Number of protein chains: 2
Amino acid sequence: MARQKKFTTQELFQMTKALLLEHGYEGFSISTLAEKLNVSRGTIYKYFENKEDLITEYMLYEMNKYLEELKEIHQFATFDEQLDFLLDVMFRNQELQKLIEMGRDIPVQDNEKAKLNHEKLEAKHLDLYNNLLSVVRLGQKQGKVRERIPEPLVLGFIFQSIVIPNHFGVPYEEWVKSIKDVIRHGMFKRLN
Amino acid sequence: MARQKKFTTQELFQMTKALLLEHGYEGFSISTLAEKLNVSRGTIYKYFENKEDLITEYMLYEMNKYLEELKEIHQFATFDEQLDFLLDVMFRNQELQKLIEMGRDIPVQDNEKAKLNHEKLEAKHLDLYNNLLSVVRLGQKQGKVRERIPEPLVLGFIFQSIVIPNHFGVPYEEWVKSIKDVIRHGMFKRLN
DNA sequence: AGTTAAAGTGACACAAACGTCACTTTATAT
DNA sequence: ATATAAAGTGACGTTTGTGTCACTTTAACT
C-alpha cells in the first residue's frame, strides 16, 4: 500500500549523530540533514515535529541501545571483570559520551512531545547512572576502590577518561590499556 | 577628540566567553552579542570583520592571559610543587579548558585575518603543550611519574580531570583535593 | 564656539533555516 | 487496471542572522 522509503530510521539516526558531533546542537539543522539523506525537508517533517523532537528522539534511541549493551554487565561477578567490561563498552561508544554531555543542556522549548522526551531521557540518564554506581559500590565492597573518593567523582573520572582526545595518535590498544591502568593506579610511582 | 565607548574590550570578551560557553561556536551570533552589550550590530563590526575574526581574537586574548599565569610555574623547583601549582591554575580557569577544545575545531574560512589568527592560536597551543610537557618530564626525571604511560595521555588525563562536571555539588575543596589525589594514585587501593 | 574624528546607529539587500501544506509519486492489495 | 495511502516534493511566508555604509552623536582640543 505504500511507497518505498528513501532511508531507514537507522540511516537517519546515524546521519543525525554525525551532524551533531560535527556541528553541535545549535549548529545542527534539518536542512542539512535532509540534504545529506537526499530528501526534501518536508520529508523529515513528516516524521518529526522539529529539531528538538528529532534530536531527543534520537538520543532516546541511542540511550536504549547503550543501556541494553550495558545490561550484560550482570554476567560478571567480580568488580575487576565488571570494570573491564564497562570500560570496553564505553570505549566502543566513545562518541556517545560527548552526545550525552551535549544532550544535558538542550534548552527545553515550548514543544509538548519534546518535553516528554526530555523526561524520558532524564530517566535513562538516571538508569545509566545507577548502573555505574552499582559497579562502583561493588568495587568498594570487594575492597578494591578507595572509599575516600566521592562516588560522583569516581564516575566522573571514568566518563572523562573515555573521551580524552588522542591527538597524537597513540595506537588504540596501548591507549586503552594505559587509560585503564591510570584509572586504577594513577600517574605516580609507588613509593616503597 | 573621541566619544566615550559604551563597553570595554574586557566586557566584550567576557560576554563573548559567556555566549560561547552557552551556545557553542556555531550557536554564537554577533546579533546576540551586540544585544547583550546594549549596542547595535554595526558597532561590533567597527572592531571585528566577522564572527570568526572576533572569536579567534578573543581566544588569543584568553590564551595569552593563561600562558602568562602559567609562566609562574618556573618559580617552583620540585615536580610536586609544580604539579600542585599547575592544577590550581587549571582549576581556576576551568571553563577555558572547554573553550580551548572548542577552538580546536573552528572551521577555517576564507577570511585573511582569521587565518593568521588561527596560526597564532596554534602556536599558543603548542606553547601551552610544551609548558605542560616540561612538567611531566620533570616528574619522570625526579622519579615521580610512571614512565610507562604515554606522555600525551598524562597530559590528556590532567586536562580532562579538570573539567569533570560536578553535577552533584560536592564541596569545591573536597572535589579539588580528591581529583588531585586520584590523578596521582588512582582509584584503587594499594594491595599489600 | 567651532572643528574634528572616534563611536555609534539603523536601514538595506542578502542568505539560511524554519514550519506548513496542497500536491505528486508509487508500491501494493483488491 | 485501478484505488489506496504512505512517502516524498517544492513553493510560500516567516524569522534570524549577515555584512555594509551613509549618516548622526558627542567628547575634547583649539
Side-chain angles (χ1 to χ4, degrees), chain A residues 1-16 18-58 102 106-117, chain B residues 1-16 18-58 102 106-117:
Chain A
M1 267 165 182
R3 193 171 160 176
Q4 248 181 19
K5 282 202 179 189
K6 293 181 76 178
F7 56 85
T8 66
T9 304
Q10 259 227 356
E11 285 165 340
L12 183 144
F13 280 158
Q14 179 180 310
M15 203 65 239
T16 300
L19 290 176
L20 273 177
L21 287 172
E22 186 175 350
H23 298 115
Y25 179 74
E26 306 220 23
F28 179 97
S29 86
I30 295 213
S31 301
T32 314
L33 177 62
E35 202 179 323
K36 290 275 186 186
L37 291 172
N38 295 309
V39 123
S40 80
R41 274 186 318 115
T43 303
I44 309 282
Y45 283 103
K46 276 274 154 72
Y47 300 102
F48 302 95
E49 291 177 24
N50 51 37
K51 161 171 153 178
E52 199 187 348
D53 178 24
L54 186 156
I55 291 183
T56 52
E57 208 68 61
Y58 159 67
M102 199 154 121
I106 294 176
V108 186
Q109 308 273 43
D110 32 289
N111 195 300
E112 204 47 52
K113 196 177 156 216
K115 230 180 258 173
L116 202 81
N117 277 352
Chain B
M1 270 158 181
R3 193 173 162 174
Q4 252 180 20
K5 282 202 181 192
K6 294 181 77 180
F7 56 85
T8 65
T9 304
Q10 260 226 354
E11 286 166 338
L12 183 143
F13 280 157
Q14 181 179 309
M15 202 66 239
T16 300
L19 291 176
L20 273 177
L21 286 171
E22 186 177 350
H23 298 116
Y25 180 74
E26 307 222 21
F28 179 97
S29 86
I30 295 214
S31 301
T32 314
L33 177 62
E35 202 179 324
K36 291 277 184 184
L37 292 171
N38 295 308
V39 121
S40 80
R41 272 185 323 113
T43 303
I44 309 283
Y45 283 103
K46 275 273 154 73
Y47 301 102
F48 303 94
E49 291 178 22
N50 51 38
K51 162 170 153 178
E52 201 189 348
D53 178 23
L54 187 156
I55 291 183
T56 52
E57 208 68 60
Y58 159 68
M102 198 154 121
I106 295 175
V108 186
Q109 308 272 45
D110 33 289
N111 196 302
E112 203 48 52
K113 197 176 154 215
K115 229 180 256 174
L116 202 81
N117 278 351

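Computed from a predicted model, the values in this text were never measured in an experiment. In what follows, chains are A, B, ... by sequence order, proteins preceding strands, each numbered from 1.
Counting atom types as modelled, B/K46 pairs a side-chain N or O with a base atom of C/dG8 as donor and acceptor under 3.5 Å. A donor-acceptor contact under 3.5 Å is formed by the side chain of A/R3 with the base of D/dA7.
Listed pair A/S40 / D/dT9 meets the phosphate criterion, a side-chain N or O lying under 4.0 Å from OP1 or OP2. An OP1 or OP2 oxygen of D/dG8 is reached within less than 4.0 angstrom by a side-chain nitrogen or oxygen of A/Y47.
For A/E49, the side-chain hydrogen bond (donor to acceptor under 3.5 Å, both in side chains) partners are A/N111, not counting sequence neighbours. Residues passing the side chain to side chain contact (heavy atoms under 4.5 Å, CB included) test with A/M102, sequence neighbours excluded: A/L20, A/Y25, A/L99. Partners of B/S31 by side-chain hydrogen bond (donor to acceptor under 3.5 Å, both in side chains), not counting sequence neighbours: none found. Scanning for side-chain hydrogen bond (donor to acceptor under 3.5 Å, both in side chains) contacts around B/Y58 gives B/E62, with sequence neighbours left out. Residues passing the salt bridge (Lys or Arg N to Asp or Glu O under 4.0 Å) test with B/E57, sequence neighbours excluded: B/K113. Residues satisfying the side-chain hydrogen bond (donor to acceptor under 3.5 Å, both in side chains) test with A/T56, not counting sequence neighbours, are A/N117.
Looking at heavy-atom distances under 4.0 Å, A/F48 makes no contact with the nucleic acid at all.
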Could you pull out the protein-nucleic contacts involving nucleotides 16-19 of chain C (nitrogen or oxygen on both sides, under 3.5 Å)?
residue	atom	partner	partner atom	Å
C/dC18	OP1	A/I30	N	3.3
C/dC18	OP2	A/I30	N	3.2
C/dC18	OP2	A/S31	N	3.1
C/dC18	OP2	A/S31	OG	3.1
C/dC18	N4	A/R41	NH2	3.2
C/dG19	OP2	A/Y45	OH	2.6
C/dG19	N7	A/R41	NH1	2.9
C/dG19	O6	A/R41	NH2	2.5

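Atom NZ in B/K5 sits about 16 Å away from atom C1' in C/dT9, given to the nearest Å. Taking atom CD on B/Q4 and atom P on C/dT4, their separation rounds to 23 Å, with Å as the unit. Per the geometry, CD belonging to A/E35 stands 13 Å off P belonging to D/dT9, to the nearest Å.
Rounded to 10°, the angle separating the first-five-pair axis and the last-five-pair axis of the helix from C/dA1-D/dT30 to C/dT30-D/dA1 equals 0°.
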Return a table of donor-acceptor pairs under 3.5 angstrom between the side chains of residues 4-13 of chain B and protein atoms on other chains or two or more places apart.
residue	atom	partner	partner atom	Å
B/K6	NZ	B/N38	O	3.0
B/T8	OG1	B/Q10	N	3.4
B/T8	OG1	B/E11	N	3.0
B/E11	OE1	B/T8	N	2.8

Test side chain to side chain contact (heavy atoms under 4.5 Å, CB included) on B/F28 and B/L33; report intermediate values, then the result. CA-CA 8 Å; B/F28 179 97; B/L33 177 62; 4.1 Å; yes
